[in-house]
Amino acid sequence: MTRPSNDSVLRALLRQPTRHTPIWLMRQAGRYLPEYCETRRRAGSFLQLCKSPALACEVALQPLARFDLDAAILFSDILTVPDAMGLGLYFSDGEGPRFERPLREEWAIRDLAAPDPWDHLRYVIDAVAEIRRALNNSVPLIGFAGSPYTLACYMVEGAASSDYRHIKRMLYDRPDLLHRILSVTADAVGAYLNAQIEAGAQAVMIFDSWGGSLSAAAYQEFSLPYMARIVAGLLRHRDGERVPSIVFTKGGGLWLESMAAIGCDALAVDWTIDLGEARRRVGHRVALQGNLDPAILFASPERIAAEATRVLDSYGSDNTGHVFNLGHGISQFTPPESVAALVEAVHAHGCATPRDDHQVPAPG
Ligand code: 1CP
């Protein structure tokens, strides 16, 4: 049996009932935790931290040691894939990620190839296996990757961007080149997520952080179909258990119906949409994950609890198909005590009995 003793996140992602709404947080391991900063210092840099399976495992477990979270997420970054494609990822302090060789030339785009994850991304696969071992079937491990469009933003811009002018110029003037990048990247991400599943990831999430910067028409042409292609090629079972998939387009609230139709099990949503309305729009097709504004974690514990309750109530109280999360990653300036207050509030909601999610019988 490989099912974790607390399988509430897996059950909720598959729209099976749980005793309580489970919770994990995007970027739950990171700079808001002093112990993360300490491990990162020991590693020498963020990239060296990602490339050491033992240290990546250490930081992936740190938030679980502090808070009663219902899932762990692989510690890595979405940009490992373009790095493995030869673009030369580096982080300059205070400036975020950068690529030595941004993808702008037609010849470089023609030469782009999907890396073998078992070779070029072996350190991530090893981290997945190591974190799974360390979790010892307590809670599930979520694997992840960036969406092809979001990765292409970094690959073409060469860094984070406020206006996406290089990639958008390519999108409008040379859509053939952008489609070529997206197609190769979709193959790379598909193989990478399947390698994570084979190494022990029990659910996977695709982060389309910048798909929301597209027009409705461009989203339907340049982001969604490539995520659909990845989802269609994912391993659905591992060790006899379903491996749910989660798709997150930040700013994608207007497109939920078409996102829910691509075959994923769950949609993660940001805080700009009411969760109850999102639920009515996607019907029974997918579970929902979200959607607290991460900025609420700067407010008082009372406000945090009130807003968490509002999100829980907006979804509905049937404890089916909702994984509580933030609508985007935790800010590095978040006080850890605020996270403790949030996790406590979510777990206390509608809670008359002690938590024993694993004893909920499967339906039917
Ligand atoms: O200095 C440091 O220590 C690095 C900060 C950091 C961390 C902790 C970066 C650099 N990445 C990460 C880890 C990370 N990134 C995780 C780990 C697991 C967890 O959730 O606990 C995950 C899932 C990501 C995913 C990621 N990286 C996304 C998608 C999610 C999102 O936030 O939208 C994106 C866009 C990135 C790129 C990236 N990597 C790092 C930074 C600071 C950024 C964002 C840069 C930008 O604003 O464009």
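Order of appearance sets the numbers: ligands from 1, and atoms from 1 within every ligand. The first residue in the sequence is number 1, and the count goes up from there.
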Next on the checklist: Can you check which of Leu79, Ile142, Leu25, Leu74 brings a heavy atom nearest to atom 18 (C) of ligand 1?
Outcome noted: Leu74

Checklist entry - Counting heavy atoms only, which of Met205, Arg27, His328 is nearest atom 24 (C) of ligand 1? => result Arg27

Checklist entry - Are Arg174 and Glu106 close enough for a salt bridge, meaning some N to O gap below 4.0 Å? => result yes

Item to check | Ring-face cation contact, Tyr315 with Arg279, 6.0 Å cut, 45° max | outcome: yes

Next on the checklist: Looking only at distances, can you tell me whether any N or O atom of Arg40, backbone or side chain, sits closer than 3.5 Å to an N or O atom of ligand 1?
Outcome noted: yes

Checklist entry - Short N/O distance, under 3.5 Å, between Ala29 and ligand 1? => result yes

How far is [atom] from the closest protein heavy atom, and which atom is that?
{"atom": "atom 42 (C) of ligand 1", "value": "Arg31 NH2, 4.0 Å"}
{"atom": "atom 40 (C) of ligand 1", "value": "Asp77 OD1, 3.6 Å"}
{"atom": "atom 45 (C) of ligand 1", "value": "Tyr154 OH, 3.5 Å"}
{"atom": "atom 8 (C) of ligand 1", "value": "Tyr36 OH, 3.6 Å"}
{"atom": "atom 34 (C) of ligand 1", "value": "Ile78 CD1, 3.4 Å"}
{"atom": "atom 4 (C) of ligand 1", "value": "Phe46 CD1, 3.4 Å"}
{"atom": "atom 23 (C) of ligand 1", "value": "Phe144 CZ, 3.4 Å"}

Can you list the atoms of ligand 1 that are under 4.0 Å from a heavy atom of [X]?
{"X": "Gln28", "result": "19 (C), 20 (O), 21 (O)"}
{"X": "Phe91", "result": "10 (C), 40 (C)"}
{"X": "Phe207", "result": "23 (C), 29 (C), 30 (C)"}
{"X": "Ala160", "result": "46 (C), 48 (O)"}
{"X": "Pro97", "result": "45 (C)"}
{"X": "Trp210", "result": "48 (O)"}
{"X": "Ser209", "result": "29 (C), 30 (C), 31 (C), 33 (O), 35 (C)"}

Checklist entry - Would Tyr36 and Phe46 count as a close aromatic pair, with their ring centres under 6.0 Å? => result no

Checklist entry - Does the separation of the ring centres of His349 and Phe324 fall below 6.0 angstrom? => result no

Checklist entry - Under 30°, 30 to 60°, or over 60°: which ring-plane class applies to Tyr32 and Phe67, parallel, tilted or perpendicular? => result parallel

May I ask whether [X] places a heavy atom under 4.0 Å from ligand 1?
{"X": "Phe248", "result": "no"}
{"X": "Ser76", "result": "yes"}
{"X": "Gly96", "result": "no"}

If you measure only the distance, is there a donor-acceptor pair under 3.5 Å linking the side chains of [X] and [Y]?
{"X": "Thr320", "Y": "Gln16", "result": "no"}
{"X": "His120", "Y": "Tyr192", "result": "no"}
{"X": "Asn6", "Y": "Ser8", "result": "yes"}
{"X": "Arg229", "Y": "Ser183", "result": "yes"}
{"X": "Trp24", "Y": "Gln289", "result": "yes"}
{"X": "Ser223", "Y": "Asp208", "result": "yes"}
{"X": "Thr249", "Y": "Tyr149", "result": "no"}

Checklist outcome for this item: salt bridge (charged side-chain N to carboxylate O under 4.0 Å, His left out) with Asp83: of Lys51, Arg98, Arg101, only one passes, and it is Lys51

